[in-house]
Amino acid sequence: MFSKRGCSHCTFQNCPVRPYAKRKPNTKQADCIYDCLDLWLVKWAGLLGDGHQLHGISTFSFQTWLSQARQSKDYALPNSSWSQGMMDLYSRFLEMCKDGTWKRIPSYTWLYRSTQLNLKKSLKLTSEKERKETRLFPRNMDTEGVGFEYAMFLNPSEKRMVCLFQPGPYLEGHPGFAHGGSTATIIDSTIGGCAIFVAGRVMTANLSINYRNPIPLGSVVLVDSKVDQVEGRKVFLSCQVRSIDGQTLHAEATALFIRLDSTKSLQQQMSSQ
Ligand SMILES: CCCCCCCCCCCCCC(=O)SCCNC(=O)CCNC(=O)[C@H](O)C(C)(C)COP(=O)(O)OP(=O)(O)OC[C@H]1O[C@@H](n2cnc3c(N)ncnc32)[C@H](O)[C@@H]1OP(=O)(O)O
């Protein structure tokens, strides 16, 4: 079952999945390992179920290990489901990160990991439970390409956050097009990320969206948001969702976020209102 050749994709020596595959550009070795193990698990552990032994490895402990590995996986890196358009746009923004104008925002399934790495200063989560158990909604599908494929980039001096978004088939509303709720989700997340960087801990108080043109599933759009004004605890933002060539305006939105008390956990905050 195990290949002695190893996987040229990730150099994982015992990987039976992709012995001949070429490593994709921009794919981190670690991500590839997780992909390979994912496939391996689906193929073998999934068929057998928990508690079986494969070459001395319990599928249960392997699954636990994989779930821990997944927590440290950055989902905002390219994967095989990304279209050429998504890759090109990603490379363009990566290029703009070189002089420090833009910053790539890594993205993890669990907020815990995100707060450790990129929200440490701006989003102070005080409750341990809150940090460890907050699973980010747009990262709720484990299979690549079926749901929200996205990567965000922040321009701190312009107080601007962009999101490259490729909606997958599970986000379907009208046949062939993204559900308006999924568009709202990605707008809220992009605008929300922007507001967090500017104001710290915030919550959406108002989000107003005008849907101008439907978004075809599998296409790539650019969600472009910026902070317009900050008044005390109120952060006003606006956003446009456009096709890559900029010719089609899919949606435009305005939002109000309210800054919360960063020293309190969300539960404390809500009970004191
Ligand atoms: C960055 C890294 C990458 C991204 C990773 C992470 C991404 C995560 C992104 C996650 C993104 C997902 C995010 C989500 O999904 S957040 C989930 C959806 N949002 C909610 O559930 C919020 C529910 N609402 C509340 O909890 C409270 O109402 C809040 C906290 C918002 C305000 O209650 P609070 O008691 O604290 O404040 P206040 O009532 O004294 O009001 C204060 C001021 O604000 C004005 N006001 C209030 N509401 C409105 C309104 N609707 N329109 C116009 N104005 C409004 C109000 O008049 C007053 O003004 P003034 O009288 O002072 O002039």
Are side-chain heavy atoms of [X] and [Y] found at a separation under 4.5 Å?
X	Y	result
Ile244	Leu222	no
Ile258	Met203	no
Val230	Lys159	no
Asp74	Arg104	yes
Leu171	Met141	yes

Keeping the roles fixed (side chain from [X], backbone from [Y]), state whether a donor-acceptor pair exists under 3.5 Å.
X	Y	result
Asp224	Val162	no
Glu144	Asn79	no
Ser225	Met161	yes
Ser243	Thr248	yes
His250	Pro214	yes
Asp88	Gly85	no

Exercise. Same hydrophobic cluster for Val221 and Leu207, using side-chain heavy-atom links shorter than 4.5 Å among ILVMFWY?
Worked result: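 Cluster IDs for Val221 and Leu207 match.
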
For this session: Say whether Tyr90 and Phe93 are linked into one hydrophobic cluster, either directly or through other cluster members, by side-chain heavy-atom distances under 4.5 angstrom.
Result: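 Shared cluster, yes.
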
Non-hydrogen atoms of [X] and [Y] that approach each other most closely:
X	Y	result
His174	Glu172	O-CG, 3.6 Å
Cys163	Tyr150	SG-CB, 3.6 Å
Tyr211	Gly181	OH-N, 4.4 Å
Asn155	Ser157	OD1-OG, 3.1 Å
Ser219	Pro167	O-CD, 3.2 Å
Ser182	His179	OG-O, 2.6 Å

For this session: May I ask you to check whether over 12 heavy atoms, not counting those of Tyr170, lie within 6.0 Å of atom OH?
Result: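 No, because the 6.0 Å sphere around OH of Tyr170 holds 12 heavy atoms or fewer from other groups.
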
For this session: With sequence neighbours excluded, tell me which residues meet salt bridge (Lys or Arg N to Asp or Glu O under 4.0 Å) with Asp228.
Result: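 In terms of salt bridge (Lys or Arg N to Asp or Glu O under 4.0 Å), with neighbours along the sequence ignored, Asp228 is linked to Lys226.
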
Problem set entry | For Arg212, all residues meeting salt bridge (Lys or Arg N to Asp or Glu O under 4.0 Å), sequence neighbours excluded |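 Arg212 satisfies salt bridge (Lys or Arg N to Asp or Glu O under 4.0 Å) with Glu252 once adjacent residues are dropped.
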
Distance-only check: which donor-acceptor pairs under 3.5 Å involve side-chain atoms of residues 186-200, not counting sequence neighbours?
{"residue": "Asp188", "atom": "OD1", "partner": "Thr204", "partner atom": "OG1", "Å": "3.0"}
{"residue": "Ser189", "atom": "OG", "partner": "Thr185", "partner atom": "O", "Å": "2.9"}
{"residue": "Thr190", "atom": "OG1", "partner": "Ile186", "partner atom": "O", "Å": "2.6"}

Exercise. Taking the six-membered ring of Phe257, is NZ or CZ of Arg201 closer than 6.0 Å to its centre and within 45° of its axis?
Worked result: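 Not flagged: Arg201 not positioned over aromatic ring of Phe257.
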
Exercise. Using the ring of each side chain (for Trp, its six-membered ring), is Phe148 parallel, tilted or perpendicular to Phe165, with breaks at 30° and 60°?
Worked result: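 Parallel, since the angle between the ring planes stays under 30°.
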
Problem set entry | Residue pair Glu149 / Trp82, side-chain donor-acceptor N/O under 3.5 Å |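 Present: a donor and an acceptor within the cut-off.
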
Exercise. How many angstroms lie between CZ in Phe177 and CG in Asn213, if you round to the nearest 0.5 Å?
Worked result: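 These two atoms lie 9.5 Å from each other.
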
For this session: Would you please test Glu231 and Leu256 for side chain to side chain contact (heavy atoms under 4.5 Å, CB included) and show each step?
Result: CA-CA 11 Å; Glu231 278 175 21; Leu256 168 65; over 6 Å; no

